[in-house]
Amino acid sequence: DSSDITEVENFTKASYAEPNSEYFGQLKGKNVIYISLESLQSFMIDYKLNGQEVTPFLNSLAKDSNTLYFKNLFHQTGQGKTSDAEFMMENSIYPLPQGSVFSTKAENTYQALPQLLKENGYKDTAVFHGNNKSFWNREENYKAFGYDHFFDESYYNMVDGHVLNYGLEDKPYFKESMPYLESLKQPFYTKFITLTNHFPYPLSDDKKTIAPGDTGDSSVDNYFQTARYMDEALEQFFNDLKESGLYENSVIVMYGDHYGISENHKKAMSKVMGKDINDFEEAQLQRVPLFIHAPGLEGKGGVKDTYGGQVDVRPTVEHLLGVDTKNQIQFGTDLLSKDHQQIVPFRNGDFVTPEYTQLDDKVYDNTTGEKLPSTEETKKDQELVQKKLELSDKLVYGDLLRFYDLKGFEQPKRSSFDYSKDDK
Ligand code: GP9
Ligand code: MN
């Protein structure tokens, strides 16, 4: 009931982190392009396989002075995988401990980023994805989030040789997206969801431009090849954005959605990483890359070692866009703020801080990987993590945002969206 929303409101507002004045509004009015990087883990950035970079384009972006590259960002997804990551990016709320929030809670009231930005001068919102719009119940969630357009597989040429695994391959996908993107009113808010770097990482031989790994575990070995393909697709997309003129006026936010190599591949990953992958190291591998790239950063980028999670991306981006978030209900905080607290919950209640990692109530020193005794401090951090997850779940299960009156926010009307109406 409404006393529950008050509890959530008091908690989230108490953890609000003031924007960093060096960055607040730096990207005001820019087009926003999110890209979900399927299954990309941070260890791939700058990784060399047989002396060769796997993701040379992303590596170069990570070093670009117009990129904020976060190397200590962790995914916080549960069983909803890609869709859980989308949920956090746009709501700054945790996904569910069991099942997928997209599949079960699409009828909830949300105050999601696409709709929020419409209240801040954005004129069009769109998602691009080369799979069926019903996958992960996306269509229903996107209506609740305020998306005007959803270019799903019905807008692309799903022809032999271009379709693999879950849908359209990334290169034709980005290529065919360009005319739709250019048709949007500016400034726009958009999201692209890549697919090719998805388990079990198949790719036809003529599209492989790097040799596979040599661990003998085929999904790990092939992962390098599909990641390279995705990297090339992204470079092609950046070039097309430049050619269209959109690049100069856009911010491109790219994030790894979740791990690609599960804990069932520790043996192969030990070979890849050159060290024994135990539980502690497995937790460190849950880092996913976050790039915020924009010419409008005017050289204020850099590699950031701040610890954070996917729930923190929304307030970070909003503040760069000059959007005041003080009254928003959100569980994340601005990664660029000096008030950002570096305690990163995983969805199962484990957590990571810059100093230590807690897994199953066991505490590990990040420098040595050795076990440490619990202390007052670790117990306090654990309580905070539990409180966050508990209140977030209360919010979602109780559909509590329907009781929260966010000033200036207009609830999107589901019936006003028809995702089959755009010209093909
Ligand atoms: C499917 C794509 C992959 O449309 O998002 O889903 P995943 O299995 O990674 O959640
Ligand atoms: Mn995914």
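Both ligands and their constituent atoms are indexed starting at 1 by order of listing. Along the sequence shown, residues are numbered consecutively beginning with 1. Scope of the values below: all heavy atoms of this structure, side chains included, with no hydrogens, waters or symmetry mates.
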* Asked: Of all the atoms in ligand 1, which lie at a distance below 4.0 Å from a heavy atom belonging to His258?
  -> 9 (O)
* **Working for salt bridge (Lys or Arg N to Asp or Glu O under 4.0 Å), residues Glu248 and Lys242** => CA-CA 7 Å; Glu248 285 302 317; Lys242 286 176 185 168; over 6 Å; no
* Nearest 10° is fine: what angle sits at the Mn ion (ligand 2) between OE1 from Glu38 and NE2 from His258? => 140°
* Out of Val220, Thr196, Ile261, which residue meets the side chain to side chain contact (heavy atoms under 4.5 Å, CB included) rule with Tyr201? -> Ile261
* Give a yes or no on whether Ser39 keeps an N, O or S atom under 2.8 Å from the Mn ion (ligand 2). => no
* Donor + acceptor pair across side chains of Ser39, Asn197 (<3.5 Å) -> no
* Structure fact -> In ligand 1, the atoms that come under 4.0 Å of a heavy atom of Glu38 are 3 (C), 9 (O)
* **atom 8 (O) of ligand 1 [closest protein heavy-atom partner, distance rounded to 0.1 Å]** => His198 NE2, 2.8 Å
* Nearest heavy atom to atom 2 (C) of ligand 1: which of Leu195, Asp257, Asn197 does it belong to? -> Leu195
* Tyr147 and Tyr189 aromatic ring geometry - parallel, tilted or perpendicular at 30°/60° bounds -> tilted
* Asked: Which ligand 1 atoms are under 4.0 Å away from a heavy-atom of His129?
  -> 1 (C), 4 (O), 5 (O)
* Asked: Is it the side chain, the backbone, both or neither of Trp136 that has a heavy atom closer than 4.0 Å to ligand 1?
  -> side chain
* Asked: With ring centroids as reference points, do Tyr155 and His149 lie under 6.0 angstrom apart?
  -> no
* **Considering only N, O or S atoms of Asp257, the one closest to the Mn ion (ligand 2)** => OD2
* Asked: So does Lys171 pair up with Glu232, basic N to acidic O under 4.0 Å?
  -> yes
* **CA sep, side-chain torsions, deciding dist, call: Asn366, Glu355, side-chain hydrogen bond (donor to acceptor under 3.5 Å, both in side chains)** => CA-CA 6 Å; Asn366 283 353; Glu355 287 79 37; over 6 Å; no
* To do: May I ask you to test the Val253-Leu290 pair for a side-chain heavy-atom distance under 4.5 Å?
  => yes
* Where does Asn131 meet ligand 1, judged by heavy-atom distances below 4.0 Å: at the side chain, the backbone, both, or neither? -> side chain
* ligand 1 and Ser83, any nitrogen or oxygen pair closer than 3.5 angstrom? -> no
* Asked: Under 4.0 Å from ligand 1, counting heavy atoms only, is it the side chain of Arg138, its backbone, both or neither?
  -> side chain
* Can you check whether Tyr364 and Tyr356 have ring centres sitting under 6.0 Å from each other? -> no
* List the closest protein heavy-atom neighbour of atom 9 (O) of ligand 1: residue, atom name, distance to the nearest 0.1 Å. => Thr82 OG1, 2.6 Å
